[in-house]
There are 4 protein chains.
Amino acid sequence: MDATPPQHLSARKKPRQARSAATLEAIFEATIQVLLREGIHRLTTTRVAERAGVSVGTMYQYFPHKQALLYALNERYLDLVAERVEAACQAQYGASTKTMVEVLVTTYWQAKTERSEVTRALYRSAVELDNEALIDAFARRMDAATIAMLKSAPDAVYANIDLVNVTLLSVIFGTVRNDFERDLPASEQAEIRHQLTLMCLSYLEMSGG
Amino acid sequence: MDATPPQHLSARKKPRQARSAATLEAIFEATIQVLLREGIHRLTTTRVAERAGVSVGTMYQYFPHKQALLYALNERYLDLVAERVEAACQAQYGASTKTMVEVLVTTYWQAKTERSEVTRALYRSAVELDNEALIDAFARRMDAATIAMLKSAPDAVYANIDLVNVTLLSVIFGTVRNDFERDLPASEQAEIRHQLTLMCLSYLEMSGG
Amino acid sequence: MDATPPQHLSARKKPRQARSAATLEAIFEATIQVLLREGIHRLTTTRVAERAGVSVGTMYQYFPHKQALLYALNERYLDLVAERVEAACQAQYGASTKTMVEVLVTTYWQAKTERSEVTRALYRSAVELDNEALIDAFARRMDAATIAMLKSAPDAVYANIDLVNVTLLSVIFGTVRNDFERDLPASEQAEIRHQLTLMCLSYLEMSGG
Amino acid sequence: MDATPPQHLSARKKPRQARSAATLEAIFEATIQVLLREGIHRLTTTRVAERAGVSVGTMYQYFPHKQALLYALNERYLDLVAERVEAACQAQYGASTKTMVEVLVTTYWQAKTERSEVTRALYRSAVELDNEALIDAFARRMDAATIAMLKSAPDAVYANIDLVNVTLLSVIFGTVRNDFERDLPASEQAEIRHQLTLMCLSYLEMSGG
DNA sequence: AATGAATGAGTCTTCATTCAT
DNA sequence: GATGAATGAAGACTCATTCAT
């Protein structure tokens, strides 16, 4: 994510050697595990360090403070999601609008749902974290990826593609999150996802034609 | 909200006298204020009590613990929103689908946006709160209200109204929340809201009559 | 108990009317109940008042503070025990030393054991209570009662009856309390009690006669 | 003491280094001091830490909570007493019953009386502490030590040594504690102690022969 | 006289962060 | 560089006591 993070939230050092990268990864994974098993109010630096198999001191070598760790964790997560969506978008260049929408909805939904508990945990970790910059950067990446894709569609041209696109993303992202929070049964979620696709499609037809 | 709250989250006593009611209100308002001005990690029982102009002890006479306070706060908020939406829905009985959708989107959007900072604060306060019951109850109320409204539409009949309705609500609620979190400029928000209305409309036309 | 209690521990008012006496009794009984069911660290004035069926305010009319309540409770308890022992002693005037010792041990043991949980609770309540005066007064009453009894024995005369007597009481009271704290099975307790009687008897024979 | 303490009462870590051992000792001593000077109801974690010259945090590194500290303190104390009595018993192997009893009474009395204020403080600290296991373990150790000693006496054989022994210990321990609580003048205590010895001796003669 | 809501000092306990080893 | 013991400020919550009604 090329978001310029609020100065105080940046990690202390970039992983140069493999050793560092492994440690960093362990810390991230540990954070998620603690978040999952203990809940956010038991997410302490000591516990994370312990589960990561490093000392607190070492952890503080990587992150100047707890917030920086959580910030980085979210950054990393959004990066992964963004990459998946971008890849999916690029793969659809020139495809039909229908396919595009189906793929977009499915990809995002899956990215969020695959480890749904993790996603939920991360949502929690982001609270009271000054992560606007992160979200903005993510949104911009997504915007760029989907606009480029939509523009390549052979069957549609949009008068106001920026607006159409931002609407499309708002609706998709928002709906996914909403369903997330309601914890509906998988079958119902699938139905809603399908309806969402239909809705987006009809919207694009209406807007693009 | 007729959600049966997890036993441990229920408030300690109901305000019988006017005095109590006023105190309760002061506590709620104070909680919101602290949440707004200080952020969730500075939301302490002491601070809330202080701003509410009561002693901590008094606060604990109303709520057995901090979580119960936050739970009650969310409950109260969702009640207000639910009431507004219900009222709006009832007022549209027999109106055109177009009007219905417009009113629904607008009402919900406004209910959330009017004191948008408060809404945001409440979203934060809900983290790590076992408020599933609350959300469920809210969702059911909304479901009932909108289904009843849609059924009264003279210009449409839906084969699978339950699915259509839950999709509609998921999309609307989700999109509103999403835009919320992105903190877009008001003008852009308005545009998206408009597009959302169009999208819902086209979806209903496609699904209904 | 005619102990002059430390000024600050005396009850606020003496029960003049039946009403007061009943209330007082209720408070005492409630205190014991709370002590038994909740433990000493949950023995709060509110809880006691609640179980006694009176308001805290009322309770404070009877006792200027919590300590005074506990003091009075212990006083009352020791009075009851003392009365029982005194009565038993008087009834043995002129009896044989053997009978005297048997009765003394049995009476005291029973007085403590009958509601052994209560006794235990009271021991706990006495901690950090300035109840030396109480214990002294009790000891003096017991001393007087047993000395008078022993003097009336037709079969023995003691050179140093004061010392013999204080030893006797120390041993009996101490042993009872000790067995108390160890919570031994009833059968074993009975055996020990019997042995204790034999021991006392042999001691008296050795000292008197 | 090889009592298996109730899980939740065990100390957090064993002192490995000298440093830790010193800290631990300081905490124990501080606890006793506070108990002595301020009384049990002013025995707070903060005060103990302060007097021990460490931070509360450090204290909590050694003991998971206040109760664990008190438990450990009692454990340590009983260990010391037990060791003294055991040593004394072993030293009397083969001695006369008279000597044995004299040594037993004297040793126990001294162990408890030397720092009588401390003993008293510890009795208080034990209230509302689930220390049955501790007391049991102590009792068993004492039982074993004195039975072994008595068996080695050249001048007596007991038909029912278990019962005789438990009675003996009950009487001695109980009487000591009782005199303790009454706070009698030292001279009178000495007299009682002497009488106690005589009484025990006469009991053993009667039982052993 | 009785009530019980209100008070707020005081308790235990946690945990981010530092720094001597 | 890594460690993890030590720190102590800050938080949630309790409860003896008062006093307006």
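Below, chains carry the letters A, B, ... as their sequence lines are ordered, and counting in each starts from 1.
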Enumerate, in order of first residue number, the stems that involve DNA chain F, defined as 3 or more consecutive Watson-Crick or G-U wobble pairs with both distances under 3.5 Å.
-> E:2-21 with F:2-21
Examine F/dC13: is either OP1 or OP2 under 4.0 Å from a nitrogen or oxygen in the side chain of B/T45? Give yes or no.
-> no
Spacing between [X] atom [atom1] and [N] atom [atom2], to the nearest angstrom:
X	N	atom1	atom2	value
B/M59	F/dC15	CE	C1'	16 Å
A/E50	E/dA16	CD	P	13 Å
D/F63	E/dT11	CZ	P	20 Å

Is there a donor-acceptor contact under 3.5 Å linking the side chains of D/T58 and D/S55?
-> yes
When you get a sec, tell me which of [options] is the closest nucleotide to the side chain of [X]?
X	options	value
D/T44	F/dA6, E/dA6, E/dT11	E/dT11
C/Y60	E/dA16, F/dT17, E/dT13	F/dT17
D/T58	E/dT3, E/dT13, F/dT7	F/dT7
D/K66	F/dA6, E/dT13, E/dT3	E/dT13
B/T23	F/dT3, E/dA6, E/dG4	E/dA6

Between C/R124 and C/L35, which heavy-atom pair has the shortest distance, and what is it?
-> NH2-O, 4.1 Å
For A/R42 and for D/R47, find the nucleotide of DNA chain E with the closest heavy atom, then tell me which residue's nucleotide is more 5'.
-> D/R47
More 5' along DNA chain E: B/V56 or D/H41, using each one's nearest nucleotide?
-> B/V56
Could you say whether B/L43 or A/V54 is positioned toward the 5' end of DNA chain F, judged by the nucleotide with the nearest heavy atom to each?
-> A/V54
